[in-house]
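Both backbone and side-chain heavy atoms feed into the values below; hydrogens, waters and symmetry mates do not. By convention in this document, chain letters (A, B, ...) are assigned in the order of the sequence lines, proteins followed by strands, and residues within each chain are numbered from 1.
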Amino acid sequence: MAKVTLTIDQKTVEAEPGDPLLEVAKKAGVYIPHLCYMDDLPSYGGCRLCAVEIEGVRGLPLACTTQVTDGMVVRTDTAPVRELQRGVMETILSEHPDRCLTCHRKIHCLPNWICLRDDVVTDRCVTCAKNQWCELQQVSEFLGMEGTGRFYEEGRSWYGAREEIPLERENPFIERDYNKCILCARCVRVCDEVRGVGAISVTYKGDKARIDTPFGIPLHETNCELCGACVDVCPTASLMDKTTKWAGLPDKLVSTICPYCGTGCQLLLHVKGERIVRVSADAEGAVNKGQACVKGRYGLDFVHHPERLTTPLIRDNGAFREASWDEALDLVASRLGDYRGEEFAAIASSKCTNEDCYILQKFARVVMGSNNVDHCARL
Amino acid sequence: MSTFEGLKTDGEAAWRNYMGDTKPLLQVGMGSCGVAAGAEEALAVLRREVTARNIPATVSITGCNGMCFAEPLVMVTREGRTVTYGEMTPERIPALVEEVLVRGGVWAEAALGVSGEEEWQGIRPLAETEFFRLQERRLMARCGVIDPENIEHNIALGGYAALHKALSGMTPETVIQEMNQSGLAGRGGANFPCGRKWDFLRQAKATPKYMICNADEGDPGAFVNRILLESDPHLVIEGILIGAYATGAEAAYIYLREEYPLAARRLRIALEQARARGLVGDNILGLGFKCNLELVVGAGSYVCGEETGLISSIQDSRGMPRIRPPFPAQAGVFGKPTNVNNVETYANAPLIIAHGGQWYASMGTERARGTKMFSISGHIVRTGVVEVPLGTPLRRIFEEAGGGVGNGRPLKAIQSGGPLSGFLTARHLDLPLEPQAFAPEGVLMGSGGLVFVDEGACLVDMVLRYLTFAQDESCARCTTCRIGTQRYVDILERITQGKGRPQDLDTFRWLEGVMRNGNCAHGQASPTAVISTLRHFPEEYEAHIREKCCPAGVCPLPAASPALTR
Amino acid sequence: MAGLATTFGSGAMTNSIADLGQAACILAIGTNTTEAHPVIALQLKQMARRGGKLIVANPHWIELCRHATMWLRQRPGSDVALIGGMMRVIVDEGLADSNFIQERCENFDALRESLAAFSLERVSQITGLPQEQIREAARLYATSSSAAIVYAMGITQSSHGTDNVQALADLAMLTGNIGKPGSGVNPLRGHNNVQGSCDMGCLPNVFTGYQSVADGGIRERFEAAWGVSLNPKPGLTLGEIFDAAHDGTVKAIYLVGENPVITDPNAAHIEEALKRLEFLVVQDIFLSETARLAHVVLPAASFAEKEGTFTNTERRVQRVRQAISPVGNSRPDWWITVQLAMRLGAQGFSYEHPAEIMDEIARLTASYGGMAYHRLENGGLQWPCPSPNHPGTSILHREAFTRGKGHFVPVEYRGSLEQPDEEYPLILNTGRMLYHFHSSTLTRRVKGLRELHSEERVEINPQDAVSLGIADGDLVKVTSRRGAVTVRAKVAEGTPPGSLFMTFHFPDTVTNLLTQPGRDPVSKIPELKFCAVRVAKVA
């Protein structure tokens, strides 16, 4: 079908007809605040934040559920739009611990400062594990929510007598804290629509509504595969990696390939100093497009395991002793020097890189004169 | 394969046998209203009495004729005249048997009226009673007359004739033409022209197409659909089939709320009987039209009355209204083109096809055609269901059919259209019953529920109840609806506790603006109860917030302002 | 991979992972995709969700069955019969793609003749499947606009694995399901870089890119590039290497990153073979069960500590990037091997960076000809990628097969080597589970994964469990002709009657003490999915 041309904030944009306006705007570099929309999935229209003005359309339609048409004229930054968005945000924040979002003092705070002026210290920004990488916080900042709080003290708002929901942390990897949940249902949709698992859903309705497993059983007792896709899409601190929840922000993200099966998922290693503090699935991954499995996501701790071999070992009188590289390499070279041709065999590993493998077979053939080289491809 | 003529002949014979028997016929009104008032026991006692005394009489059941206030009802037919007796509790049944069967007369004190237009044995015609005289009974013609579990009765009294007429002599286009001409608009509250809606489905390219009957009557105070389904289920089935024929739908569902077990039972029986007679199935009446009709019972969620929530529920998904587009006419149930209409809307179709669109349009007002059923309840003398021409003044329903408040207190408010609508004042009694007249007052005429409220009620308290309902029934998709309703409840609760603040009223108005951004009517319209009372009853809020008192004495506050009593 | 090489001329996944999601029909046979390849399974589920037809053929109930249009529960080891039966239906009902067969393939008559032996009566008898189900599956596969075959070790780890693979390749060619989107024959490979290690020539008979060491012309090229004369005699395969070590003909082994004591069949034999070596050097990141037998152990850096590339199951070469410094004194594998080579006086081993190694690979390997690190930055490239501007190849055999014409191989059904008998009445199948990997050298060192599953369970059908007096959680002894393991029982409907299932992840319960060393005569892959055992409750 022919492309359509539309205008977003005076920018002329080309798009496929029927594409969600939100996605078209995003690609054109126009940010429309949103908390429930996910790329490539059907619009959910739950958070109601992404309202825009469209010429000739009544009211303030949502950008995520609006399909672009030719000649559409869209404005995302008008006063009514921002007023509505702030209004929606205010309802959302009324049941969220929001000092990290709305405290007018937060710009003066440094991480881990104790705020003496704020009476609700336990709900402050620095006590949230998601501080500084929270999508809800980013949207709040974008919309300038400082100082708002019409509902602070209402009965069941966060600062009222809200019922506390116990944390679920029975499985080793995913911690669920629905006190911070805004019910955007991203987790539910990614679990069902992308993973085909459906371990969780929106349960009950009204003020009792909550994301949960069937009958509220622990996650690992459902058909959940603990892939962590829900954690990756959660815009708040409701779903967090249990073991690395408090690791803070990484120094750098390194994109690499998962060392487990042959799928070749691209992973992002969150590195802080010399430690991998967290792993997430890379949305840019050619094969996995932001998905991973439990092993890739939560199974890389072996890298830092205390049993890692950190020095060469030489067997002496039946027991291993530590040795320097020079000693070990010299010993191996001199012993191997005794065997040429078919007395020697090299066994390669399908875990190693292409370059490792290439060098090993070259070594066997060139140095040792042997074609006895194989690996466990047969298994 | 039975022909319609054959069915008609059989039905008429069965009806004659039932009614015109030499034995008297006693029918106990077995709507849910009757059952709640003890009709099952009454029926058991009646059977026992008749058997024990060896009296030659037919004991049977019927639905509800709308006189819920007088349940249990017993209709006694003799010599072609039917006398309706009210409040026939099990204890009074022996007396009825004594008076009517043993002595062979009538029991004048207990009689509510007699069928026909003339007085009979000193009993005045039912049609002349205050409850009935403003009514135009078309949809309800067979309610409280036939045994709703017997298809032959329905057929004998004209049932399925319109379906036969459409299938044997009309094209789908002409059916839609008649529907358009009738001016029938959706009776579920949205008031959308029915013929146009059917035409959308007819135009849809994808197949199969589905016809859905929305029987998830969830508005508190609305029970018109229940009365129809319990009393004449075949009328609704016939209407759905006509719609299916007009639109090319091969399959249809009736989505019934779980809270209507008796209607479910009647529908199951009705569907079984209709299938057995070739009125539902692969070759209806042998005329080559196929439509399979199934009953789906919901699981108790108010938003499943919203058409897309209902569609999700039929598909075994969570009952959540969907995002539109796509609209049901393009992609509804199972992603296929779908039409959803209310029970009462479908029930009108056989009338329109049988008598013509023109005939139908001649009733009602210029902008609201036909008759409409209303369920009236609350602080009135006679609660029940009436069917009146659209445009009938609200006052006639309240004063004539309902008999006024009756307890000496003045009328304070009228709630129409359920929790997504609002409250009117006694000043509005002269509004004509048509949707267009209600809209400027900030409320909906709705699906037919009218609740009358006297001065003993506190409107802030009532609005709190309505918002609590709206909060509990939010599907939780939209943050604005899920959280907005909670904040309304929080603030209203605070106001009823005497902790209201003047700025709360601004917050109410502000929050309504935010909630209007919701996806479905539930989220958009649930503040209506608050907003309409802010407009029509500002003094109630003033009293609670400024004077810290509750004039009706309902809230835990002084009845009069502490300042005034001093 | 030998099977596909015979038929098509190339033994890799013909299509791509993303492409599977576009198929109209997928036959998933011998793969428990959600457990072993969870992210590829997403494509299969998406395909089914979009209305595609998913046919799962597996003796065991697997999670994928939830999403399947059809589940064929063939008897273990009867795959060739099932596929032959499907082909017979396709030919008999005229559903074959005769244009494709005529233009793109050869030897069809031989296949057709061989199908005479696959009457549905016989196939039904062998597979235990109703005839109608086989017919329906055949029609579903043959009449879909595009149909892909996905398989894994359930097909290859068999004494007739090559037959299995060739039959699948025949089925695809018969219906023209090769060389177009959403089709193909797609083996899912088990390890991150098993495709790459094969591509790199870590095989006894070929250099990089499957260039035969016995071919004089090819050898000359490598001799020129490497500056040495090369041994023309193909070497020993893995199993043969261990056998030779046992015999004493192989005296020294340089073993990198493998743990054959746990993962290979007939584990006791391997351990003995390694113990008989004069010199064993093991290079690994952990002191594995195998490393404990070594004379020298060299500490390798993990994937997170080095630069390099992996080639995934869809032939995509992707960049591995260093995130942290090597832990302790460990070093990248290539660096260690290079040090040894230099100490042994070799020339041509001076590399500063793995990118230079890749450049050398590209010079010597046509399919990697266009690969270079700067081109692999965003998402990598799929081979064949012969030149610096080539975009890579997502679907093989588009115009013609690598070998020219697709070669139909006649099908013949052979039973598995070790059939159950009175003494060993049950079939043991082995496989993987989601939470662990291979010998679990890595995964059992992840606390959470260990918490979720810390020990082996033998799965047994409730019917068998009842007749043997075994309850869920009972300690049982599983015995084969080669050994015995003691393990807890898990009574599960998913395992067919007459069969047991175990993983091979747990070193405390070495499942491969039970499995048998019988191998496919061509691919030399051992029959890990089928051996005869008995099971009894431990008193």
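When every heavy atom of Arg340(A) is checked against every heavy atom of Leu344(C), the shortest pair comes out as NH2-CD2, 3.7 Å. When all heavy atoms are compared, the tightest approach of Phe320(A) to His295(C) is CE2-O, 4.4 Å. Contact record, Val296(C) with Ala328(A): CG1-CB, 4.4 Å, taken as the closest heavy-atom pair.
Taken to the nearest 0.5 Å, the CD1 atom of Ile361(C) stands 7.5 Å off from the CD1 atom of Ile359(A). Taken to the nearest 0.5 Å, the CG atom of Asp284(C) stands 7.0 Å off from the CG atom of Leu309(A). Phe310(C) contributes atom CZ, which lies 13.0 Å from atom OG1 of Thr263(A) (distance to the nearest 0.5 angstrom). Interatomic distance, Leu236(C) CG to Ser370(A) OG, rounded to the nearest 0.5 Å: 7.5 Å. Remark: Leu340(C) CG to Met368(A) CE distance equals 9.5 Å, nearest 0.5 Å. Once rounded to the nearest 0.5 Å, the distance linking CD1 of Ile324(C) with NZ of Lys272(A) reads 15.0 Å.
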**Item:** Residue pair Lys251(C), Asp338(A): steps toward the salt bridge (Lys or Arg N to Asp or Glu O under 4.0 Å) verdict
**Value:** CA-CA 10 Å; Lys251(C) 297 189 170 69; Asp338(A) 299 343; over 6 Å; no
**Message:** Under the criterion side chain to side chain contact (heavy atoms under 4.5 Å, CB included), I'd like the reasoning laid out for Phe363(A) against Val338(C): C-alpha separation, chi angles, the key distance, then a yes or no.
**Reply:** CA-CA 8 Å; Phe363(A) 175 84; Val338(C) 161; over 6 Å; no
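His67(C) places a side-chain N or O within donor-acceptor distance of the main-chain N or O of Gly196(A), the cut-off being under 3.5 Å. For the pair Glu355(A) (side chain) and Trp334(C) (backbone), a donor-acceptor distance under 3.5 Å is absent. Of the possible donor and acceptor atoms, none in the side chain of Glu307(A) sits under 3.5 Å from a partner among the backbone N and O of Leu287(C). Within the 3.5 Å criterion, the main-chain N or O of Glu258(C) finds no donor-acceptor partner in the side chain of Ser349(A). A donor-acceptor distance shorter than 3.5 angstrom exists from the side chain of Arg321(C) to the backbone of Ser255(A), with no hydrogens or angles considered. A donor-acceptor distance shorter than 3.5 angstrom exists from the side chain of Arg315(A) to the backbone of Arg292(C), with no hydrogens or angles considered. Asn193(C) places no side-chain N or O within 3.5 Å of a backbone atom of Lys351(A) that could act as its donor or acceptor partner.
No other option in Val213(C), Ile285(C), Val327(C) has as many heavy-atom pairs under 4.5 Å with chain A as Ile285(C). Ranking Ala286(A), Gly341(A), Gly285(A), Cys261(A) against chain C, the residue ahead of the rest is Cys261(A), based on heavy-atom pairs under 4.5 Å. The choice from Ala244(C), Gly308(C), Ser229(C) that makes the most heavy-atom pairs within less than 4.5 Å of chain A is Gly308(C). Of all the listed residues (Gly379(C), Ala346(C), Pro354(C)), the one sharing the greatest number of non-hydrogen pairs under 4.5 Å with chain A is Pro354(C). Interface summary for chain C: among Asp326(A), Leu253(A), Leu331(A), the most heavy-atom pairs under 4.5 angstrom belong to Asp326(A). With chain C as the partner, the residue from Val254(A), Thr311(A), Leu329(A), Leu267(A) showing the most heavy-atom pairs under 4.5 Å is Leu329(A). Among Pro38(C), Cys202(C), Ser302(C), Ser330(C), the residue making the largest number of heavy-atom pairs under 4.5 Å with chain A is Cys202(C). Chosen from Val194(A), Asp356(A), Asp301(A), Asn171(A), the residue pairing most often with chain C at heavy-atom distances under 4.5 Å is Asp356(A). Put simply, of Val303(A), Thr243(A), Leu269(A), the one with the most heavy-atom pairs under 4.5 Å next to chain C is Val303(A). Here Phe302(A) is the residue among Tyr298(A), Phe302(A), Phe173(A) with the most heavy-atom pairs under 4.5 Å with chain C. Comparing Val282(C), Leu188(C), Thr313(C) by heavy-atom pairs within less than 4.5 Å of chain A, the highest count is held by Thr313(C). Note on Lys45(C), Gln322(C), Glu35(C): by heavy-atom pairs under 4.5 Å with chain A, the leading option is Lys45(C).
Note on Arg343(C) versus Asp330(A): salt bridge recorded, some NZ/NE/NH1/NH2 to OD/OE distance being below 4.0 Å. With respect to the salt-bridge test (charged N to carboxylate O, under 4.0 angstrom), the residues Asp192(A) and Arg49(C) qualify. Salt-bridge check for Glu342(A) with Lys233(C): passed, with a basic side-chain N closer than 4.0 Å to an acidic carboxylate O. A salt bridge links Lys362(A) with Glu360(C): the distance from a Lys NZ or Arg NE/NH1/NH2 to an Asp or Glu carboxylate oxygen falls below 4.0 Å. Between Glu305(C) and Arg308(A) there is a salt bridge, since a side-chain N of the basic residue sits under 4.0 Å from a carboxylate O of the acidic one.
With contacts defined as side-chain heavy-atom distances shorter than 4.5 Å, the pair Glu314(C)/Val287(A) qualifies.
Only the side chain of Ile241(C) comes within contact range of chain A, with heavy atoms under 4.5 Å apart. In this structure, the portion of Arg319(C) lying under 4.5 Å from any heavy atom of chain A is its backbone and not its side chain. Only the side chain of Val228(C) comes within contact range of chain A, with at least one heavy atom under 4.5 Å from a heavy atom of that chain. With a 4.5 angstrom heavy-atom cutoff, Leu44(C) does not touch chain A via any of its atoms. Looking at Val281(C), only its side chain comes within 4.5 Å of chain A, counting heavy atoms on both sides. The part of Tyr339(A) that comes within reach of chain C is its side chain, from C-beta onward, which places non-hydrogen atoms under 4.5 angstrom from that chain.
Classification of the Trp325(A)-Trp335(C) ring pair by plane angle, with boundaries at 30° and 60°, yields perpendicular.
For the 3.5 Å distance criterion, the side chains of Asn354(A) and Asp199(C) fail to qualify, holding no donor opposite an acceptor.
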